[in-house]
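So you know, we letter chains A, B, ... as the sequences are listed, proteins then strands, and number each from 1.
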2 protein chains.
Amino acid sequence: MTPTPTPAAQENWLRLDNQICFSLHAASRAFNSVYRVILKDLGLTYPQYLVMLVLWEHGDLPVKKLGEHLRLDSGTLSPLLKRLEGAGFVRRERSTVDERSVEVRLTEEGAALRERAVEVPRRITVATGFDIDGIRELRTRLDELTTALDAAALSDTPGCS
Amino acid sequence: MTPTPTPAAQENWLRLDNQICFSLHAASRAFNSVYRVILKDLGLTYPQYLVMLVLWEHGDLPVKKLGEHLRLDSGTLSPLLKRLEGAGFVRRERSTVDERSVEVRLTEEGAALRERAVEVPRRITVATGFDIDGIRELRTRLDELTTALDAAALSDTPGCS
DNA sequence: CACAATTCAATTGGGCACAACTAAATGGCC
DNA sequence: GGCCATTTAGTTGTGCCCAATTGAATTGTG
C-alpha cells in the first residue's frame with residue numbers, strides 16, 4: 001500500500017503528529033465557530049470578546065497591559081481596538097502621564113454589554129459537552145502544553161539531529 | 001469591590017469561561033509559533049504543512065477531498081494552494097474527466113520534501129513536553145470537544161434563556 | 001542640557017480563516 | 001435537445017495573527 005521504503009516507525013510518527021497538531025487546530029476553529037454564532041448578538045468577534053473579558057475583569061488598561069493578558073502584540077490589538085472603538089464599546093485615550101501609552105477605557109455601552117454577556121459562558125460550556133471537572137482538566141493540560149511550547153519556541157533546538 | 005448586583009456565581013462562570021476558551025486559543029497560537037520556527041527550513045507554513053501531510057499520506061487529491069480531510073473550504077485552500085504551487089511543491093491540474101474538479105498533485109520537489117519533513121514530528125513531540133500517552137489522551141479529549149462543538153454550532157440553540 | 005538606549009503604539013506586509021458570491025461544468029428531468 | 005438544480009473552484013471582503021519597521025516619548029548618563 002505504501003510504496004516508499006521509509007521505515008514504519010517514521011510513518012507512525014508522521015501520523016501521530018498529524019493527529020495532535022491537527023486536533024488542536026480543528027478544536028480551535030470549532031470553538032471559534034461556536035463563539036461566532038453566540039457572540040453575533042453582542043456584535044463581537046471571539047478575540048474582541050476576549051478583550052472585553054479582560055477589561056470587565058481588570059478595568060481600564062493600557063494597550064501594553066492588555067497585550068500581556070492576552071499574549072497579543074500591538075499589530076493585532078491596534079486594529080482590533082479601533083473596531084471596538086468604532087462599535088462604541090471602548091475609547092482609546094493617550095495617557096497624560098506617559099504620552100507613549102494609550103489607555104483603553106470601557107464606555108457606558110461597553111460596560112453595559114457585560115450584562116448581556118453573562119449568559120455566554122454557560123452556553124459555551126453546554127456546547128462543549130464537558131462537565132466542570134472535564135473542562136478544568138482540559139484547561140490544565142492545555143496550559144501545560146502552552147507553557148512547554150513557549151519554552152521550546154525560545155530555546156528552539158534547531159540543531160537537533 | 002464589584003458595584004454590580006450580579007451574583008457571585010455568574011462571576012465564576014465568566015472567569016471559568018475565560019480560562020477554557022483562552023487556554024485553547026493560547027495553546028493553538030503557541031503550537032503555531034513552534035511550527036513556524038521548525039517549518040521555516042522547509043519553506044512551509046503550518047497550514048501548508050498540513051496540506052502536504054495529507055498529500056503525502058493519500059497521494060494526489062482534488063481540492064474538494066483535500067478540503068474534507070482538513071475541514072477547510074476553497075476560500076482558504078485556493079490561495080494557499082497557489083502559494084504551494086508558486087513554491088514548486090504541487091501542481092494544480094484541472095481534471096479531464098470532470099472539468100469542475102482540480103487535481104492537486106505533488107511535484108518531484110514536493111514528494112522529496114517528505115524526507116526532510118520526517119524529523120519534524122519528533123521535534124514537535126519533544127517541544128510539547130508530553131509523552132506518547134499524554135498526547136494520545138489530549139488528542140482524544142480535543143476530538144471529543146470538536147465533535148461536540150460542531151454539533152452545537154449546527155443546532156445553535158439561540159433561544160436559550 | 002545633550003545624547004543614547006529603551007519603551008510603547010502604530011503601521012505595513014504576508015498569510016490564514018470564513019462568509020457570501022460568481023462562474024463554469026455536470027447530471028437529471030421533461 | 002433544452003432547462004434547472006447541484007457540484008466544484010475561484011473571488012472578494014472582513015477579521016485575526018505575527019514579524020519587522022517606524023516614530024514619538026521617556027529614561028538614563030555624562
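Formation of a donor-acceptor pair under 3.5 Å by the B:T76 side chain with backbone atoms of B:L72 is not found in this model. Not one N or O on the side chain of A:T128 forms a donor-acceptor pair closer than 3.5 Å with the backbone of B:L145. No donor-acceptor distance shorter than 3.5 angstrom exists from the side chain of A:S95 to the backbone of A:V102, with no hydrogens or angles considered. Within the 3.5 Å criterion, the main-chain N or O of B:A30 finds no donor-acceptor partner in the side chain of B:Y35. A distance-only check finds no donor-acceptor pair linking the side chain of B:D133 to the backbone of B:R136 [under 3.5 Å]. The closest donor-acceptor contact from the side chain of A:T146 to the backbone of A:L142 lies under 3.5 Å.
As rounded to whole Å, 7 Å separates atom P of C:dA17 from atom CG of B:L80. The separation between A:L72 atom CG and C:dA9 atom P is 13 Å, rounded to whole Å. Whole-Å rounding puts the A:N32 CG to C:dC18 P distance at 8 Å. The CG atom of B:L39 sits 16 Å away from the C1' atom of C:dG14 (whole-angstrom rounding). What separates NZ of A:K82 from P of C:dA10 is a distance of 7 Å, to the nearest Å. Nucleotide C:dA9 holds its P atom 11 Å from the CZ atom of A:R92, rounded to whole Å. At whole-Å resolution of the value, CZ in B:R94 and C1' in C:dA24 are 8 Å apart. Atom CZ of B:R71 and atom P of C:dC18 are 9 Å apart (whole Å).
Residue-to-nucleotide proximity on DNA chain C shows that, of A:R36 and A:G75, the 5′-proximal contact is made by A:G75. Place A:R29 and A:T76 on DNA chain C by their nearest nucleotides, and A:T76 ends up nearer the 5' end. Two residues, A:V97 and A:D73, neighbour DNA chain D, and the one matched to the more 5' nucleotide by heavy-atom proximity is A:D73.
Using a 4.0 Å cut-off between charged nitrogen and carboxylate oxygen, B:E85 and B:K82 do not count as a salt-bridge pair. Salt bridge absent: B:E103 and B:R94 never bring a charged side-chain N and a carboxylate O closer than 4.0 Å. Using a 4.0 Å cut-off between a side-chain N of Lys or Arg and a carboxylate O of Asp or Glu, B:R141 and B:E144 qualify as a salt bridge.
Of the side-chain N and O atoms in A:H25, none sit less than 4.0 angstrom from OP1 or OP2 of C:dC16. Listed pair B:K40 / C:dG15 fails the phosphate criterion, with no side-chain N or O lying under 4.0 Å from OP1 or OP2.
A heavy atom closer than 4.0 Å to some atom of DNA chain D occurs in B:P62, B:V63, B:K64, these being the qualifying members of residues 43-70 of chain B. At a non-hydrogen distance threshold of 4.0 Å, B:R100, B:S101, B:V102 from residues 98-106 of chain B come into contact with DNA chain D.
Annotation: A:F31 is not in aromatic contact with B:H25 [ring centroid separation under 6.0 Å not met].
Of the options A:L44, A:L106, A:T45, A:L77, a side-chain contact (heavy atoms from CB on, under 4.5 Å) to A:L84 is made by A:L44 and by none of the others.
Between chain A and DNA chain D, the heavy-atom contact criterion of under 4.0 Å yields a 5' to 3' nucleotide range of D:dG15 to D:dT26.
The two atoms that bring A:W56 and A:A117 nearest to each other are CH2-CB, 3.5 Å, heavy atoms only.
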